[in-house]
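Computed over heavy atoms, backbone and side chain alike; hydrogens, waters and symmetry mates excluded. So that the names make sense, note that chain A is the first sequence line, chain B the second, and so on, each numbered from 1.
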2 protein chains.
Amino acid sequence: MTAVENATGPVPSFDPYERGCPSRDLLDQIGSKWAVLVLGELGQNGTSRFSRLRQALAGVSEKMLTQTLRTLERDGLVSRTVYPEVPPHVEYELTALGQTLREPLKALTEWSVLHIEEVITAREEYDGRTR
Amino acid sequence: MTAVENATGPVPSFDPYERGCPSRDLLDQIGSKWAVLVLGELGQNGTSRFSRLRQALAGVSEKMLTQTLRTLERDGLVSRTVYPEVPPHVEYELTALGQTLREPLKALTEWSVLHIEEVITAREEYDGRTR
DNA sequence: CTCAATGCTTTCAGTTTGGTAAGTACCGTA
DNA sequence: TACGGTACTTACCAAACTGAAAGCATTGAG
């Protein structure tokens, strides 16, 4: 980001087109495969447990799911509530900030479902043209 | 994807939550760092040359830019027009399909700029809480 | 004493990614 | 003959990411 002036003084300005700007990394984060799906699932169900997420996101390894959840928690997008029971019980939920991502991510997810066939066709044409 | 029936017979159904579904990979593609920025830049300027994109996306290597552009072209999101001149002249532009991605990606990009500070704060809190 | 349940955490090895840097092609110009 | 400008392409290597599998902690049930 660069420094910009306003009435009250210098203010940080963020731009993902700038090298090293944290907003670029964030953009990358929230657009990553597992994060999009976790956020989507939590947006849909309101709250979910680890095991349920693992089933919903067919094919995630536990490691990746844990890692994704940790990052999302750290970024303040997801809250993690532990119920001190045996066996363990943990609930994940979108925070207020996480909620604000629902619409944008839903739009993106729907786009991919809606247009995947067009894209597949385009790929076949391209491959035929160039091979 | 799974097979689903309708009045005219079996129809493919796509779901990024399914393991191996091509819509999952597509979602990953269109959400990837450089693709988002290239698409955003082309959406903004209508058309752009290789060297201009390289400048706009501060920090991309030529290799990554070429690679991203090729993938986008293959997927039918971007068109590539070569003007047979010396020195070479190539113009990139969004296709009609690419245009439909402008809004969703713009929303995501703006989200990251708008909320990066909140996220940074959340990270600091998290790190303080857990360290 | 062993097992089951849940949510991790760790380790290992293999794959993929990404950057750097150099090379390619073309042709008009000096 | 060497150089510049544009858009790549290729080779190389280190770092990051991934998945599979096994380990861990806790405690009630059998």
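Nucleotides of DNA chain D with any atom under 4.0 Å from a heavy atom of chain A span, from 5' to 3', D:dT18 to D:dT27.
Sorted by first and then second residue, the ring-ring contact (aromatic ring centres under 6.0 Å, His included) pairs involving residues 40-88 of chain B (not counting sequence neighbours) are B:Tyr83-B:His89. Sequence neighbours left out, the pairs with a member in residues 94-104 of chain A that pass side chain to side chain donor-acceptor pair (under 3.5 Å) are A:Thr100-B:Trp111.
Between the two ends of the helix from C:dC1-D:dG30 to C:dA30-D:dT1, each summarised by a five-pair axis, the helix axis turns through 40° (rounded to 10 degrees).
Each of A:Arg70 and A:Pro87 was assigned the nucleotide of DNA chain C with the nearest heavy atom; the assignment lying further toward the 5' end belongs to A:Pro87.
For C:dG7, neither phosphate oxygen OP1 nor OP2 lies less than 4.0 angstrom from any side-chain nitrogen or oxygen of A:Arg80. One finds a side-chain N or O of A:Arg49 lying less than 4.0 angstrom from the OP1 or OP2 phosphate oxygen of C:dG7.
Spacing between atom NZ of B:Lys33 and atom C1' of C:dT17 amounts to 10 Å, rounded to whole angstrom units. If you measure from atom CG of A:Asp25 to atom P of C:dG18, you get 13 Å, rounded to the nearest angstrom.
Within residues 51-67 of chain A, the residues that place at least one heavy atom under 4.0 Å from DNA chain C are, in residue-number order, A:Ser51, A:Glu62, A:Lys63, A:Thr66.
The cluster map of Ile, Leu, Val, Met, Phe, Trp and Tyr, joined by side-chain heavy atoms under 4.5 Å apart, puts A:Val38 and A:Leu97 in the same cluster.
A pairwise comparison of heavy atoms in A:Gly31 and B:Asp28 identifies O-OD1, 4.5 Å as the closest pair. For the pair A:Pro104 and B:Ala107, the tightest heavy-atom approach, listed with the atom from each and the gap, is CB-CB, 4.4 Å.
Between atom CG of residue B:Leu57 and atom CE of residue B:Met64 there is a gap of 12.5 Å, rounded to the nearest 0.5 Å. A:Glu124 CD to A:Arg129 CZ: the interatomic distance, rounded to the nearest 0.5 Å, is 12.0 Å.
Under the salt bridge (charged side-chain N to carboxylate O under 4.0 Å, His left out) criterion, A:Glu62 pairs with A:Arg54, sequence neighbours left out. Applying the ring-ring contact (aromatic ring centres under 6.0 Å, His included) rule to A:Trp34 yields no partners; only residues at least two apart in sequence or on another chain are considered. For B:Arg123, the salt bridge (charged side-chain N to carboxylate O under 4.0 Å, His left out) test picks out A:Asp75, with sequence neighbours left out. A search for salt bridge (charged side-chain N to carboxylate O under 4.0 Å, His left out) contacts involving A:Lys106 returns A:Glu110, not counting sequence neighbours. With sequence neighbours excluded, no residue forms a salt bridge (charged side-chain N to carboxylate O under 4.0 Å, His left out) with A:Arg80. The side chain to side chain contact (heavy atoms under 4.5 Å, CB included) test applied to A:Ala35 returns A:Ser32, A:Thr68, A:Leu72, not counting sequence neighbours.
Contacts of A:Tyr83 with the nucleic acid, taken as non-hydrogen atoms under 4.0 Å apart, are absent.
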Got a list of protein N/O to nucleotides 28-30 of chain C N/O distances below 3.5 Å?
none

